[in-house]
There are 2 protein chains.
Amino acid sequence: MGSTGGRRERLRVETTAEIKQVALKLMASDGPDAITLRAIAREMGMTANAIYGYFATRDDLVTTLINEVYTALANAVDTAWASAPAADPAHRIQTWARAFRGWALANPQGFRLIYGDPVPGYQAPEGGAAPDAAYRVCTGIAALADAAWPHAEHLYAGSDFQWPDFDGGLLSKVRPAFPDLPPAGVALALRIWGHLHGLVSLEIYGHLRTQTISPEKLFQEELAQLVRSLGITSEG
Amino acid sequence: MGSTGGRRERLRVETTAEIKQVALKLMASDGPDAITLRAIAREMGMTANAIYGYFATRDDLVTTLINEVYTALANAVDTAWASAPAADPAHRIQTWARAFRGWALANPQGFRLIYGDPVPGYQAPEGGAAPDAAYRVCTGIAALADAAWPHAEHLYAGSDFQWPDFDGGLLSKVRPAFPDLPPAGVALALRIWGHLHGLVSLEIYGHLRTQTISPEKLFQEELAQLVRSLGITSEG
DNA sequence: GCAGAAACTATACGCCGTGAAGTTTAAATA
DNA sequence: TATTTAAACTTCACGGCGTATAGTTTCTGC
C-alpha cells in the first residue's frame with residue numbers, strides 16, 4: 001500500500017518538485033511565456049506528456065506556480081513586517097512597502113505571473129479559490145491599514161462605507177483578524193495598496209522607464225508622502 | 001506611377017484598415033491572446049501569409065494596434081480634460097480620472113494590451129520609440145500635476161528633486177509645455193498617476209473582485225481623498 | 001512469480017508564426 | 001495594344017505549442 005516514505009512516493013515528490021523548479025527557472029530567465037510543457041520536459045530529458053502524470057493540464061501547473069511564487073512574495077512582506085517594531089507604524093509601513101517593491105524588482109517575472117497576464121491562454125480556476133498566499137498578502141495589507149487607521153480615521157469622517165450583506169471574498173476571512181477596522185478601513189487599505197501596487201506595477205512594466213527620475217528615489221519619496229498624508233509622523 | 005488615390009493604393013489602405021479592425025474585434029471579444037494572424041486571415045477569407053504583405057511580422061501588427069488603442073485612450077482622457085473648466089481643478093482632475101477608469105472598464109482588453117503583457121511572445125520595438133499616444137497621455141498626467149501643483153506645492157517643501165542631466169525620455173518632450181512645473185512636480189504627477197493606475201489596474205485584472213466593496217464607490221471616494229490630500233477643495 | 005498499477009513514450013491532431021516558392025491579377029510602359 | 005513588372009495572394013513546409021489516445025516499460029505488493 002502507499003505508505004508514506006515509499007520509494008515510489010519519494011520519486012514522485014521529487015519529480016513534481018523538479019518540474020516546478022525547472023518551470024520557475026524558465027520563467028525567471030525567459031518570462032512567463034517560456035513556461036511550456038515541452039520546454040520543461042526537454043530540460044528534464046523527458047517527454048512533454050510525462051508531465052501529465054503530475055499535473056492534469058498546463059494550467060494546473062501554472063496555477064501551482066502562481067501559488068508558489070505568491071507564497072514567496074507573501075513570505076517576503078510578512079518577514080519585513082514582522083521585523084519592524086509595531087511601535088513605529090510609519091517605519092513599519094515603509095518597511096513593508098520596500099519589501100514589496102524589492103521583491104518585485106528581484107522577481108519581475110514572478111510579479112508579472114501573479115499580477116499580470118501570466119502565460120498565454122491561461123485561465124485561472126474559476127472556483128474563485130484565491131490562493132492561500134493571496135489571503136496572506138491581503139491580510140498584510142489589512143495590517144497596514146489597521147496600523148494606520150487610528151491616525152487616518154479623520155480622513156474618512158464623512159464617508160458612509162458599509163459592510164456588504166453577502167461576502168464571499170477574501171474580506172470575510174481577513175476581517176475577523178482586525179476587529180477594530182471599520183468598513184472605511186478597507187477603503188484605506190485599498191488606497192494604500194492601490195498606491196503601492198500602482199507605482200511598482202508601472203516600474204516593473206517599464207512605464208516609468210521613460211521618466212528619468214530615479215524610480216528608487218520616487219518610491220522613497222512617495223512612501224514618505226503616503227505616511228505623512230495618513231497623519232503618521234515619518235521616521236523611516 | 002503611384003499617385004495617391006489610385007485604385008491599388010485605395011485597396012491597400014482598405015485592407016490594412018480591415019486587418020486592424022478585425023484584430024481589434026478579436027481582441028475585444030477574446031482578449032489579446034486572440035490576435036493571431038491565422039484567426040484574422042480566417043475572418044477575412046484570406047491566408048495568414050497574405051497579412052505579411054501589410055505588416056512585416058505579427059509584432060509589427062501588434063505594435064500598430066497598441067498605438068491605435070493607446071490613441072483611443074488618449075482621446076478619451078483629453079476630451080474629458082478639455083470638457084471640464086480649468087477654473088475648477090478638483091472637478092477637472094476627477095473628470096480626467098473618471099474618464100480614464102471609464103475607458104479602461106469599457107475596453108478592458110485594450111487596457112491589458114497597453115499596460116499589461118500584451119500578446120504572447122510580443123516584444124516591443126526596442127528603439128524605445130514610445131508611441132505618440134504615450135506622449136499624449138503623459139502630457140495629460142503632467143497637466144493634472146500642473147493644475148494641482150499650486151495647491152500641493154507645500155507637500156514637497158523639503159524635497160530635493162533635480163532635473164536629470166541627460167534626458168532621453170518622454171519627460172523632455174512634455175516638460176516645455178509646463179514651464180512652471182518643477183522637478184518635484186514630476187513626483188507629484190507620478191504620485192497621481194501611480195494612484196489612479198494602481199486602482200484601475202487592480203480592478204481590471206480582477207484583484208479587487210474579491211473585495212466586496214464596490215469598486216465604483218471606492219474609486220469615487222479615492223478621488224475625493226486624493227484631491228483633498230492635494231489641498232484642493234473637492235466639488236466633483 | 002505474477003497481477004496490476006504507475007511512469008513514461010509514440011503517434012497524432014489542430015493550433016500557432018513564418019520562410020520560400022509559385023501563381024494570379026492589375027498597373028506601367030513601349 | 002502587347003509586353004513587362006510588381007503587387008497580392010496561395011500553397012507547402014518547418015518547428016513550436018497543448019493535449020488526447022494508445023502502447024510500452026518498470027516498479028510494487030501480494
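Note that this is a predicted model, so its numbers are computed, not measured. Only this structure's heavy atoms are used, side chains among them; waters, hydrogens and symmetry mates stay out. Below, chain A is the first sequence line, B the second, and so on; all start at residue 1.
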Ignoring hydrogens and geometry, is there a side-chain-to-backbone donor-acceptor pair from [X] to [Y] under 3.5 Å?
X	Y	result
A:R92	A:A84	yes
A:R38	A:A48	no
B:S83	B:A80	yes
B:T47	B:A50	no

Nearest to the side chain of [X] - [options]?
X	options	value
A:T36	C:dT18, D:dG18, D:dT10	D:dG18
B:A48	C:dT18, D:dC17, D:dT10	C:dT18
A:T47	C:dG17, C:dT9, D:dG18	C:dT9
B:L37	D:dG16, D:dG18, C:dT18	C:dT18
B:A50	D:dG18, D:dT10, D:dA7	D:dT10
B:Y54	C:dC16, C:dC8, D:dA8	D:dA8

Problem - Donor on one side chain, acceptor on other, A:T57 and A:Y52, under 3.5 Å - result: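 There is no such pair between these side chains.
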Exercise for the section: Test B:L37 against B:L61 for side chain to side chain contact (heavy atoms under 4.5 Å, CB included), laying out the working first. Expected result: CA-CA 9 Å; B:L37 298 184; B:L61 169 59; 4.0 Å; yes
Rounded off to whole Å, could you give me the [atom1]-to-[atom2] distance for the [X] and [N] pair?
X	N	atom1	atom2	value
A:D60	D:dA20	CG	P	11 Å
A:I35	D:dG16	CD1	P	19 Å
A:E43	D:dG16	CD	P	14 Å
A:R42	C:dC8	CZ	C1'	18 Å
B:R10	D:dA8	CZ	C1'	16 Å
B:I40	C:dC15	CD1	P	16 Å
B:R12	C:dA27	CZ	P	14 Å
B:I51	D:dT11	CD1	C1'	16 Å

Problem - Qualifying residue for side-chain hydrogen bond (donor to acceptor under 3.5 Å, both in side chains) with A:Q220, from A:E216, A:K217, A:E222 - result: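 One option only clears the test, and that one is A:E216.
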Exercise for the section: Would you confirm whether the ring centroid of B:F100 sits within less than 6.0 angstrom of the ring centroid of B:W81? Expected result: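 Centroid separation for B:W81 and B:F100: 6.0 Å or greater.
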Exercise for the section: Would you mind checking if A:R191 and B:E221 are paired as a salt bridge, meaning a charged N to carboxylate O distance below 4.0 Å? Expected result: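 The answer is no: the pair does not qualify as a salt bridge.
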Handout entry: Non-hydrogen atoms of B:F161 and B:A187 that approach each other most closely
Key =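 Scanning both residues, the minimum pair turns out to be CE1-CB, 3.6 Å.
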Strictly under 3.5 Å: I want the nitrogen or oxygen pairs between protein and nucleotides 21-23 of chain D, one per line.
from	atom 1	to	atom 2	distance (Å)
D:dT21	O4	A:N49	ND2	3.2

Exercise for the section: Select base, sugar-phosphate, or nothing to describe what A:T15 touches, counting heavy atoms under 4.0 Å on all strands. Expected result: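 Nothing, no heavy atom under 4.0 Å.
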Exercise for the section: Answer with base, sugar-phosphate or nothing: what part of the nucleic acid does A:R38 contact at a heavy-atom distance below 4.0 Å? Expected result: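 Base, at least one base atom sits under 4.0 Å.
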Fill in the blank from the handout: Read 5' to 3' with Watson-Crick or G-U pairs under 3.5 Å, [ ] for crossing pairs and | for partners on another strand, DNA chain D gives ||||||||||||||||||||||||||||||
